[in-house]
Chemist: 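Before I ask anything, here is the structure I am working with.
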Protein chains: 2
Amino acid sequence: MSGSRQMAESTSSGQQQAATPGPKKAGGKGLDAIYRSISEAIIEHRLKPGARLREDALADVFGISRTGIRKVLQRLALEQLVTLTPRRGASVTRPSVDEAKDVFEARQMVECALMEAAAKRITTADVEELREMAREERKALRSREQRVAIKLSATFHARLAEISGNRTLAEFVGQLCSRSSLILAVYGNPGHLGCESHDHDNLIELLAAGEGGKASDFMERHLKSIEASLSIFDEPEETPDLRDIFAFDA
Amino acid sequence: MSGSRQMAESTSSGQQQAATPGPKKAGGKGLDAIYRSISEAIIEHRLKPGARLREDALADVFGISRTGIRKVLQRLALEQLVTLTPRRGASVTRPSVDEAKDVFEARQMVECALMEAAAKRITTADVEELREMAREERKALRSREQRVAIKLSATFHARLAEISGNRTLAEFVGQLCSRSSLILAVYGNPGHLGCESHDHDNLIELLAAGEGGKASDFMERHLKSIEASLSIFDEPEETPDLRDIFAFDA
DNA sequence: TTGACCCTTATTGTATACGTTCTGAATACG
DNA sequence: CGTATTCAGAACGTATACAATAAGGGTCAA
């Protein structure tokens, strides 16, 4: 009876796997698929910061009821990817300047520290997997598929953290990388992507050679260069001060 | 297993704000109070690892429907305080040996690194607040109220991380401290509490003196001593190997 | 024409009802 | 007497219905 109303045209590009027309049951693990789907859309900037995520619309798109959508949205909110305003619903988080600074500070602290352990534990299979990821990332960059490149870059960093062997820290780094993607969407300069792909290649070689210390230093420079490429200014946030903008002499 | 009923009594000591007999509305922020209530019960070991948390029972205790309880349980699950088994419901998480190791490794990495920033940013008001917390902790220890002492110790470490000024890392440390309380419940030796209260006092004085480096070193020793006080053995986990236990010569 | 107030509507918050599945025991059969 | 099977009960997963609230538009008055 619900004549599917207008959903934001955010899902207009591709993204069809979840619109199964006749789903008898979404299944318990179906919720996880929906979570990944929305999460990926946010990380790839198909859903931009500030975009509203209405429960009815999402429930309609994914073919389940609002109950499951609310569960997914709550999880995304706890990971800081969406913001849940009490009576206003959910929207893609727009990271503040302080938040961006904190996230990159945390990444530098944790990711660099993890390089030593990663260099000790990395296997040849890991090296090959990382090289393949870096290859795909370069390919996406050459094809001007920045959205895919951003996602692959975040996945690369998260995978790197996993190799260190500490699940707790790896999970944390994964969340930080997801949030970094949001930060890139707000404060990044178009055209200039955060990660230089050669950086990732150099990182892989240093780890493969067992040079944990050098890898840590390189990671620090790598993350600092990403942060430096951002335009983290105190945007026209609250109270745009119209008097100053229009120079009225009322 | 006999603890399945213990949660009915868990809120008997004080903690009466949620058992309002005639609640017109629990309110949106009422859920947060319920979250804190359950979280505190877990951290204080009134709910022990492995204890089952049935939705109906919790809904009955707090006077709301299962919907709100499920939301709270999901949040607790994402923070690793409770484990959500697909068709079995929720139970207080029983940290594995690897998990315990990861959590303390993460705490050493992050908390030590935050000391430098904390020493720079700490104010006299912060110092006074921390001293008061340490005082209360000592008082609880003298009164043999280990449950309160454990909670206060976790709060102390979390507050310390907040002073560093990085909200993201402070939140992370807060979760690690909560999980540490669970680890203490499983692998800790009764009678010997994790944190020595004088350690906290020394930490405060080092920070008040602006000695970030020394505070970092001290924090490292402090956390290592806590970890060393645990009995992290590969418990009779899976497959208890009955043959070995009963020495049967079948 | 502008401003304020009210009403409609859309969207979230909460509860409840129903279906599914897992557990546990009782019974029947070997 | 032991084991397997089946039935009943309970607890979770999902959907739907209802209530409350805030936003937006329209109307009336100054």
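A note on names: the letters A, B, ... follow the listed sequences, proteins ahead of strands, and every chain is numbered from 1.
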Chemist: Check the surroundings of atom CZ in B:R159: do more than 12 heavy atoms from other residues, nucleotides or ligands lie under 6.0 Å from it?
Modeler: yes
Chemist: Rounded to whole Å, how long is the line connecting atom CD1 of B:I64 with atom C1' of C:dT16?
Modeler: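 Rounded to the whole Å, the gap is 14 Å.
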Chemist: Return each pair, listed once, that meets ring pair (Phe, Tyr, Trp, His ring centres under 6.0 Å) where at least one residue sits in residues 72-96 of chain B; pairs must be two or more places apart or across chains.
Modeler: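 Ring pair (Phe, Tyr, Trp, His ring centres under 6.0 Å) check on residues 72-96 of chain B returns no pairs.
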Chemist: Under 4.0 Å from OP1 or OP2 of D:dT14: is there any side-chain N or O of A:K71 that close?
Modeler: yes
Chemist: Which angle, to the nearest 10 degrees, lies between the helix axes at the two ends of the helix from C:dT1-D:dA30 to C:dG30-D:dC1, each defined by five pairs?
Modeler: 10°
Chemist: Quick test of your reading of the model: are A:E99 and A:R179 salt-bridged, counting only N-O distances below 4.0 Å?
Modeler: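 Salt bridge between A:E99 and A:R179, a charged N being under 4.0 Å from a carboxylate O: yes.
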Chemist: Whether B:E79 and B:R75 form a salt bridge (side-chain N of Lys/Arg under 4.0 Å from carboxylate O of Asp/Glu) is what I want to check.
Modeler: yes
Chemist: Begin from the C-alpha positions of A:M133 and A:L152 and carry the test side chain to side chain contact (heavy atoms under 4.5 Å, CB included) through to its verdict.
Modeler: CA-CA 7 Å; A:M133 294 175 76; A:L152 288 174; 5.8 Å; no
Chemist: Report each atom pair, protein N/O against N/O of nucleotides 6-11 of chain D, whose distance is under 3.5 angstrom.
Modeler:
unit_1 : atom_1 : unit_2 : atom_2 : d
D:dA11 : OP1    : B:R54  : NH1    : 2.5

Chemist: Verify the contact: side-chain N or O of A:S65 to OP1 or OP2 of D:dA15, cut-off strictly under 4.0 Å; return yes or no.
Modeler: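 It does, given that an N or O in the side chain of A:S65 lies less than 4.0 Å from OP1 or OP2 of D:dA15.
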Chemist: Could you list the residues that satisfy side-chain contact (heavy atoms from CB on, under 4.5 Å) with A:D98, not counting sequence neighbours?
Modeler: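 Applying side-chain contact (heavy atoms from CB on, under 4.5 Å) to A:D98 gives A:S96, A:K101.
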Chemist: Atom CG of B:D32 to atom C1' of C:dG13: distance rounded to whole Å?
Modeler: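 After rounding, the reported distance stands at 15 Å.
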Chemist: Between B:R66 and A:R70, just flag the one whose closest nucleotide in DNA chain C comes earlier from the 5' side.
Modeler: A:R70
Chemist: Sequence neighbours excluded, which residues qualify as side-chain contact (heavy atoms from CB on, under 4.5 Å) partners of A:S39?
Modeler: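 A:Y35, A:I43, A:L76, A:L81.
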Chemist: To the nearest angstrom, how far is B:I69 atom CD1 from D:dG13 atom P?
Modeler: 14 Å
Chemist: Test of understanding: with ring pair (Phe, Tyr, Trp, His ring centres under 6.0 Å), list the residues that count as partners of A:F104, not counting sequence neighbours.
Modeler: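 Partners of A:F104 by the ring pair (Phe, Tyr, Trp, His ring centres under 6.0 Å) criterion come out as none, since no residue qualifies.
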Chemist: Rounding to an integer number of Å, can you tell me how far A:L31 CG sits from D:dC12 P?
Modeler: 17 Å
